[in-house]
Amino acid sequence: MSGWAYVVVLIGLAALVLLLARRVLLVVRVSGPSMLPTFEHGDAVLAVRRGLGKRLRPGDIVVCRLPPAARGPDSLVIKRIREVDSDQVFLVGDGPHSYDSRQFGPIAAGHVVGRVIAHLRL
């Protein structure tokens, strides 16, 4: 194989790895103080998308969408799981002024998008 062929193969492999990473991983920015002191406003976290890896457990930090009935951001939120009950999860923030399941109740586990696996220092 010529040098150019290797370059084309490497570019193809890099594109495949990036495509797979986007399907498996998710980077989310923390907005607001609800997860203090664990995460600060502006921090970034790396999450593995739901359905890959372990089941949801109390203590897991997750990225989720709020159900339509809960008032709040339309975007993703980051919370800690306090309880898992059949197909529902009760979410709490680590900070004292968190908008979480104490106000809007448990959410369906299907609203959980992923589980946080790393705190990124960007």
Side-chain angles (χ1 to χ4, degrees):
M1 236 198 273
S2 72
W4 284 108
Y6 284 116
V7 170
V8 169
V9 168
L10 286 175
I11 290 173
L13 286 174
L16 181 61
V17 167
L18 287 173
L19 179 65
L20 289 174
R22 287 187 57 97
R23 307 263 291 148
V24 174
L25 301 172
L26 181 67
V27 175
V28 180
R29 280 260 182 221
V30 176
S31 176
S34 72
M35 286 302 290
L36 283 171
T38 308
F39 304 121
E40 294 182 9
H41 176 77
D43 285 352
V45 297
L46 180 66
V48 62
R49 291 187 189 270
R50 181 118 191 276
L52 303 167
K54 10 182 234 183
R55 294 185 336 184
L56 299 173
R57 294 191 288 219
D60 285 349
I61 298 174
V62 294
V63 177
C64 59
R65 293 188 194 292
L66 292 180
R71 61 173 218 285
D74 291 333
S75 59
L76 300 173
V77 296
I78 300 168
K79 302 290 179 193
R80 187 178 301 275
I81 295 177
R82 178 179 280 172
E83 291 178 41
V84 179
D85 181 24
S86 63
D87 195 34
Q88 291 189 324
V89 291
F90 191 89
L91 305 170
V92 293
D94 289 354
H97 304 292
S98 175
Y99 178 65
D100 52 37
S101 288
R102 292 172 285 195
Q103 287 81 34
F104 55 77
I107 67 166
H111 284 98
V112 176
V113 176
R115 186 176 45 84
V116 173
I117 58 171
H119 185 178
L120 302 177
R121 308 270 184 208
L122 301 178

**Prompt:** Under 4.5 Å between any side-chain heavy atoms of Leu76 and Leu26, yes or no?
**Reply:** yes
**Prompt:** Does the side chain of Val116 reach to within under 4.5 Å of the side chain of Val63, using non-hydrogen atoms?
**Reply:** yes
**Prompt:** What residues join Phe90 in its hydrophobic cluster, counting side-chain heavy atom gaps under 4.5 Å, either direct or through other members?
**Reply:** Val92
**Item:** salt bridge (charged side-chain N to carboxylate O under 4.0 Å, His left out) contacts touching residues 4-13 (sequence neighbours left out)
**Value:** none
**Message:** If the condition is side-chain contact (heavy atoms from CB on, under 4.5 Å), which residues does Leu36 pass it with, not counting sequence neighbours?
**Reply:** Pro33, Glu40
**Taking every non-hydrogen atom, the tightest pair across Leu56 and Ala109** = CD1-CB, 4.4 Å
**Prompt:** Any idea which heavy atoms bring Cys64 and Val112 closest together, and the distance?
**Reply:** CB-CA, 3.8 Å
**Message:** Holding to side-chain contact (heavy atoms from CB on, under 4.5 Å), I want the full list of residues that pass it with Pro67, two or more places apart in sequence or in another chain.
**Reply:** Ala70, Ile107, His111
**Nearest-0.5 Å distance that lies between atom CD1 in Ile117 and atom CD1 in Ile61** = 12.5 Å
**Request:** Check whether more than 12 heavy atoms from other residues, nucleotides or ligands sit under 6.0 Å from atom CZ of Arg57, and answer yes or no.
**Result:** no
**Item:** Closest approach of Ala44 to His119 (non-hydrogen atoms, all atoms of both residues)
**Value:** O-CD2, 3.5 Å
**Request:** Take Tyr99 and Leu66 through the side-chain contact (heavy atoms from CB on, under 4.5 Å) test and state the conclusion after the steps.
**Result:** CA-CA 11 Å; Tyr99 178 65; Leu66 292 180; 4.1 Å; yes
**Asked** Would Leu120 and Val27 satisfy side-chain contact (heavy atoms from CB on, under 4.5 Å), going step by step from the backbone distance to the final call?
**Response** CA-CA 9 Å; Leu120 302 177; Val27 175; 3.9 Å; yes
**Message:** Going by the rule ring-ring contact (aromatic ring centres under 6.0 Å, His included), which residues pair with His41 if we only count those two or more places apart in sequence or in a different chain?
**Reply:** none
**Message:** Per the side-chain hydrogen bond (donor to acceptor under 3.5 Å, both in side chains) rule, what does the pair list look like for residues 83-98, sequence neighbours excluded?
**Reply:** Thr38-Asp94, Lys79-Ser98, Arg80-Asp94, Ser98-Asp100
**Asked** What heavy-atom pair brings Gly114 and Ala47 nearest, and what distance separates the two atoms?
**Response** C-CB, 4.4 Å
**Prompt:** Got a second to check how far Arg29's CZ is from Ile78's CD1, nearest 0.5 Å?
**Reply:** 10.5 Å
**Message:** A side-chain contact here means heavy atoms from C-beta on lying under 4.5 Å apart; do Arg115 and Asp60 qualify?
**Reply:** yes
**Fill in**
Nearest heavy-atom contact between Leu25 and Val48 is CD2-CA, 4.3 Å
